[in-house]
Amino acid sequence: MKEKELRRSLAVLPIGTVMKLTSLSARQIRYYEEQGLVIPERNEGNRRMYSLNDIDTLLEIKDYLTEGINMAGIKHIYEEKAKEEAEKKARMEQPLTDADVRRILRDEFLSVGGLKKEDQFTFRNRTL
DNA sequence: TTTCTCACA
DNA sequence: TGTGAGAA
């Protein structure tokens with residue numbers, strides 16, 4: 001399930017193809033790029049090269065526009081989506097804090113000992 | 001031929 | 001957002 005994502009992210013389509021696939025004008029496609037909604041790569045000749053993922057987001061943008069959402073609204077949608085993914089990544093890369101480890105170990109002990117969470121388990125006068 | 005950037009009777 | 005100019 002990772003191979004597919006890599007291929008979908010490969011920028012291989014020139015703007016002309018994207019125009020046909022999305023029925024958007026080159027002007028619009030470039031404008032959406034200015035707004036940070038799509039970030040095509042550039043080839044040797046400074047030509048924009050789009051990936052299948054770019055096509056998808058451009059089609060999404062078209063839908064939002066049809067639904068009456070303006071550019072500002074669309075930008076908000078993608079900004080929040082990016083923010084959520086950033087937080088998710090941060091959580092994945094975030095090592096367990098001491099507090100997390102202690103909580104996990106405590107639950108383990110309570111489970112193995114057949115004790116209930118409601119029972120207090122103390123060690124050296126500290127709740128574990 | 002296609003795409004790029006820039007600018008606006 | 002469209003359109004045209006001049007360059008690559």
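Keep in mind the model is a prediction, meaning the values are calculated, not measured. Just so we're on the same page: letters track the sequence lines, and every chain starts at 1.
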| remark: First and last nt of DNA chain B near chain A, cut-off under 4.0 Å to heavy atoms, 5' to 3', are dT2(B) to dT5(B)

| task | Decide yes or no on side-chain contact (heavy atoms from CB on, under 4.5 Å) for Glu79(A) and Lys83(A), but give the supporting numbers first. | result | CA-CA 6 Å; Glu79(A) 283 174 8; Lys83(A) 183 176 296 182; over 6 Å; no

| request: Would you please test Tyr32(A) and Thr57(A) for side-chain contact (heavy atoms from CB on, under 4.5 Å) and show each step? | output: CA-CA 10 Å; Tyr32(A) 299 153; Thr57(A) 80; over 6 Å; no

| task | Pull out every residue in residues 12-21 of chain A that has a heavy atom closer than 4.0 Å to any atom of DNA chain C, ordered by number, or say none. | result | none

| query | Just how far is it from atom CD of Glu33(A) to atom CD of Gln35(A), taken to the nearest 0.5 Å? | reply | 10.5 Å

| remark: Each base of DNA chain B marked ( ) or [ ] if paired in-strand (Watson-Crick or G-U under 3.5 Å), | if paired to another strand and . if unpaired gives .|||||||.

Report, one line per pair, each donor and acceptor closer than 3.5 Å where one atom sits in a side chain of residues 60-69 of chain A; sequence neighbours left out.
| from | atom 1 | to | atom 2 | distance (Å) |
| --- | --- | --- | --- | --- |
| Glu60(A) | OE1 | Tyr78(A) | OH | 2.9 |
| Lys62(A) | NZ | Thr22(A) | O | 3.1 |
| Lys62(A) | NZ | Ser23(A) | OG | 2.9 |
| Thr66(A) | OG1 | Lys62(A) | O | 2.8 |

| task | May I have the step-by-step check of side-chain contact (heavy atoms from CB on, under 4.5 Å) for Arg47(A) and Arg42(A), ending in yes or no? | result | CA-CA 5 Å; Arg47(A) 265 83 213 279; Arg42(A) 297 297 186 115; over 6 Å; no

| message | Rounded to the nearest 0.5 Å, what separates atom CD in Glu44(A) from atom CE in Met49(A)? | response | 8.0 Å

| Looking at CE of Met71(A) and NE2 of His76(A), how far apart are the two atoms once the value is rounded to the nearest 0.5 Å? | 11.0 Å

| said: Can you confirm whether Asp98(A) is buried at CG, in the sense that more than 12 heavy atoms of other residues, nucleotides or ligands lie under 6.0 Å from that atom? | reply: no

| Hphob cluster co-occupancy, Ile55(A) + Ile39(A), side-chain heavy atoms under 4.5 angstrom | no

Result block: side-chain N/O donor-acceptor pairs under 3.5 angstrom for residues 7-21 of chain A, not counting sequence neighbours:
| from | atom 1 | to | atom 2 | distance (Å) |
| --- | --- | --- | --- | --- |
| Arg7(A) | NH2 | Glu3(A) | OE2 | 2.8 |
| Arg8(A) | NE | Asn53(A) | OD1 | 3.4 |
| Arg8(A) | NH2 | Asp56(A) | OD2 | 2.2 |
| Ser9(A) | OG | Glu5(A) | O | 3.0 |
| Ser9(A) | OG | Asn53(A) | ND2 | 3.0 |

| message | Each nucleotide in nucleotides 1-8 of chain C should get exactly one letter: B, S or -. Can you fill that in based on protein heavy atoms under 4.0 Å? | response | BBB----B

| request: Please answer: with hydrophobic residues joined when any side-chain heavy atoms are less than 4.5 Å apart, are Leu96(A) and Leu105(A) in the same cluster? | output: yes

